[in-house]
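Following: one structure in structure tokens, then a few remarks.
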Amino acid sequence: MQPRIIVHGGAWTIPAERQQAHIDGVRAAVKTAWPMLAEGADALDAVQAAINLMEIDPTFDAGRGAVLNADGQIELDAAIMDGRTLNYGGVAGVRHFMTPVDIARKVLETEFCLLIAEGAERFARECGLPEVDPRELLTERELELYKELISRKGYCTHDAFKPVPQGTVGAVAMDVNGNIVAATSTGGTPCKKPGRVGDSPLCGAGTYADNETGGASATGFGEGIIRTLMTRSACDYLRDNGANDAARLAIELLHRRVNGHAGLIMLNNKGEYGIFHNTDHMAYAYAHADGTVHASVHMNE
Ligand code: GLY
């Protein structure tokens, strides 16, 4: 099979001065993962490598550069799913690891699906994954946003203030064996309630993959994505629709049922990409069949 990879770097109103960094970041992720796939790497490894690059990049709301919660702390969520076995690994509320998708990958290799907070961190240490001081995740940009939001009386994470960062990162790939893997990593929503878990680490909400249909990764306000099981819904739509239509139908479901705003990337088991968002912008990149990369911040009219 011809390998495929598509990644996203969030869907929100991305300020003009930050758009090039988003394009560069998603392009770099595909440029790292595509040669791995072309050389026969498992989609699990390629997707993990793509996500790692965006977690380390302070451009995005994942790993370094993540938003702060209402207590001024960073709590990271991530997940990865293997469409061949339906094995799933998710982590939530991680504070001392730069690349939580690495912990999620280790969880996927166990009998469990989802570990949270201290339990997830203890497991990561047992696996020998490198710990970081939480200050290494913090950027001046997010500290300033936190101070601004916390000073607003009655601010809630779903208010109309724009631009509210939604720079979650995600990737979906198919390897030469036709195996589909999806993964997502995020710092969640700015000023979220401490302990809040978003859609990204929840199976079928922010992340889903099944070789019988396809794979998907979501970005946007997590609560609506959870309530509509948006990535699982999108993969179900693949049974009767092309990949772009399935992505559109899932976002329309989100909007119709819970007035949600989000972005979605998908890949069906024929290797077709699907992209749709009802936010102002979405950053994404994908590899063409010859390995050349398309990267953009797409704007809705
Ligand atoms: N979509 C990321 C979150 O809401 O946590």
Side-chain angles (χ1 to χ4, degrees), residues 7-14 22 26 51 54-55 59-63 65-71 73-81 90-95 100-101 104 114 116-117 120 137 142 145-146 149 155-159 161-172 182-208 216-234 247 250-251 253-255 258-266 275-284:
V7 310
H8 70 75
W12 56 296
T13 308
I14 304 172
H22 280 73
V26 292
I51 296 282
M54 295 187 284
E55 289 175 323
T59 302
F60 304 106
D61 175 18
V67 300
L68 280 58
N69 69 14
D71 281 350
Q73 294 182 331
I74 288 172
E75 292 181 320
L76 303 172
D77 300 341
I80 185 165
M81 184 164 188
V91 290
V94 169
R95 294 192 49 226
V101 78
L114 182 62
I116 62 161
L137 306 175
E142 296 309 329
L145 178 70
Y146 168 73
L149 296 183
Y155 169 76
C156 92
T157 57
H158 294 66
D159 79 7
F161 171 73
K162 285 189 175 181
V164 179
Q166 285 294 312
T168 295
V169 303
V172 189
T184 313
S185 184
T186 189
T189 48
C191 279
K192 64 187 180 182
K193 202 165 184 59
R196 176 261 193 191
V197 177
D199 59 294
S200 306
L202 301 183
C203 185
T207 309
Y208 196 74
S217 170
T219 171
F221 282 113
E223 279 66 19
I225 298 171
I226 293 169
R227 290 157 67 201
T228 53
L229 287 177
M230 197 171 78
T231 54
R232 170 60 200 250
S233 301
I251 295 284
L253 170 76
L254 176 84
H255 194 251
V258 298
N259 195 27
H261 290 85
L264 190 64
I265 56 166
M266 317 191 55
I275 305 162
F276 204 81
H277 62 108
N278 65 350
T279 51
D280 285 344
H281 303 125
M282 179 155 91
Y284 59 79

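Because the structure is predicted, anything quoted here is derived from the model rather than measured. Note that ligands are numbered from 1 as they come in the structure, with each ligand's atoms numbered from 1 the same way.
No donor-acceptor contact under 3.5 angstrom links the side chains of Ser233 and Thr228, judged on distance only. A side-chain N or O of Thr186 and one of Thr168 form a donor-acceptor pair less than 3.5 Å apart.
With sequence neighbours left out, the salt bridge (charged side-chain N to carboxylate O under 4.0 Å, His left out) criterion links Arg95 to no other residue. With sequence neighbours left out, the side chain to side chain contact (heavy atoms under 4.5 Å, CB included) criterion links Ala78 to Val91, Pro100, Val101, Ser185. Contacts of Thr279 classified as side chain to side chain contact (heavy atoms under 4.5 Å, CB included), with partners at least two apart in sequence or in another chain: Ala11, His261, His277.
Protein residues are said to neighbour a ligand when one of their heavy atoms lies under 4.0 Å from it; for ligand 1 these are Thr168, Thr186, Gly188, Thr189, Arg196, Gly198, Asp199, Ser200, Gly220, Phe221, Gly222.
Residues Arg196 and Glu75 are not paired through a salt bridge, judged by the lack of any N-O separation under 4.0 Å between the basic side chain and the carboxylate.
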